[in-house]
Amino acid sequence: MTGTPELSFIHRYDPATEPGRPPLLLLHGTGGDEEDLIPLGHAVSPGSARLSPRGKVLEQGMPRFFRRLREGVFDEEDVRRRAHELADFVAEARQAHGLAAPVAVGFSNGANIAAAVLQLRPEALAGAVLLRAMVPLRNPPPADLGGKPVLILSGSADPIVPADNAKRLASLLETAGAAVEHRVLPVGHGLSQADLTLAKGWLDRL
Ligand code: MLT
């Protein structure tokens, strides 16, 4: 099913087929779109409602969720603006579709904007699965994450996300009160079967 045109992001929305499963906010990586993470969402939480927006920023034609100056160096003013824009979209979509606060499942650039939303607009999300995430804001405002569950899955051979950066993100979110589980897998930036298995197990326990 495609999204309702009056909402502020191009998106895909699939209603839940199993009551009680948490709605998912699926956030693609650079160059992806609203279709990209649908199979992943289905694999990690079958039966959940899926809300999947397309990033509005174009980098040489590739959709992203915020501007970067170069790989790993972010335009933090844009990160802030876009995180608020995405949180506003989530609020609109929740109202339009009668949804509970979703759990974000983000990959790469999508994981980074999800981390920024947690830091700037924690009420927008019930929790997050951050796949290959890095620190989106060097000086985030103090946030109260009030025990929100966050799973961070990093790759020990990731050429884009330095190991200490992912660790710093985990500790920033933990300090802000999130219940963080951080696992480092023996993989690179791409997703592996282990990511799916761990994310599914974690979501099943929510
Ligand atoms: C980002 O720009 O968010 C990160 O470098 C990940 C990526 O999209 O390549």
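Side chains included, hydrogens not; waters and symmetry mates left out as well; all remaining heavy atoms used. The shown structure was predicted, so the numbers you read here are calculated from the model rather than taken from an experiment.
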- prompt: Can you tell me how far OG of S154 sits from CZ of R183, rounded to the nearest 0.5 angstrom?
  reply: 11.5 Å
- line: So CG of L7 and CG of D88: to nearest 0.5 Å the spacing works out to 12.0 Å
- prompt: Restricting to pairs with a member in residues 158-172, which pass side chain to side chain donor-acceptor pair (under 3.5 Å), not counting sequence neighbours?
  reply: D158-H189
field: All pairs passing side chain to side chain donor-acceptor pair (under 3.5 Å) where residues 122-137 contributes a residue, at least two apart
entry: R121-E123, R132-D195
Heavy atoms, side chains only, cut-off 4.5 Å: are [X] and [Y] in contact?
X	Y	result
S192	L185	yes
Y13	H97	yes
I38	R50	yes
L120	P141	yes
L86	L27	yes

field: salt bridge (charged side-chain N to carboxylate O under 4.0 Å, His left out) against D75, all qualifying residues, sequence neighbours excluded
entry: R67
field: Residues forming a side-chain hydrogen bond (donor to acceptor under 3.5 Å, both in side chains) with K56, sequence neighbours excluded
entry: none
- line: Of N112, N109, I160, the one forming a side-chain contact (heavy atoms from CB on, under 4.5 Å) with T30 is N109
Backbone of [Y] reached by a side-chain donor or acceptor of [X] within 3.5 Å:
X	Y	result
E181	I152	no
R205	G201	yes
E92	S8	yes
S52	E34	yes

For [X], which residues count as a side-chain contact (heavy atoms from CB on, under 4.5 Å) partner, sequence neighbours excluded?
X	result
R94	V90, L99, A101, P102
S156	V184, P186
V103	P22, L24, A126, W202, L203, L206
D33	E35, D36, R54

message: The criterion is ring pair (Phe, Tyr, Trp, His ring centres under 6.0 Å); which residues satisfy it with H84, sequence neighbours excluded?
response: none
Results of ring pair (Phe, Tyr, Trp, His ring centres under 6.0 Å) for F74 - residues two or more places apart only: F66
If you compare all heavy atoms of [X] against all heavy atoms of [Y], which two are closest, and at what distance to 0.1 Å?
X	Y	answer
A116	P136	N-CG, 3.6 Å
A199	L153	N-CD1, 4.4 Å
A133	L169	CB-CD2, 3.5 Å
P122	K148	O-CE, 3.0 Å
L137	P140	O-CD, 3.5 Å
A170	V180	O-CG2, 3.9 Å

message: Check this for me, if you would: do R82 and E85 make a salt bridge, where the nitrogen-to-carboxylate-oxygen distance has to be below 4.0 angstrom?
response: yes
- request: Could you tell me whether R80 and D78 have a side-chain N and a carboxylate O separated by less than 4.0 Å?
  value: no
Let me check something: do [X] and [Y] share a hydrophobic cluster, defined by ILVMFWY side-chain heavy atoms less than 4.5 Å apart, either directly or through other members?
X	Y	result
V105	V150	no
V79	V161	yes
F89	L37	no
L25	V44	no
L131	L173	no

- prompt: With a cut-off of 6.0 Å (strictly less than), are more than 12 heavy atoms of other residues, nucleotides or ligands near CD of E77?
  reply: no
query: ring-ring contact (aromatic ring centres under 6.0 Å, His included): which pairs involve residues 18-55, sequence neighbours left out?
result: H28-F65
- line: Joining Ile, Leu, Val, Met, Phe, Trp and Tyr whenever any side-chain heavy atoms lie under 4.5 Å apart, the cluster holding M62 also takes in none
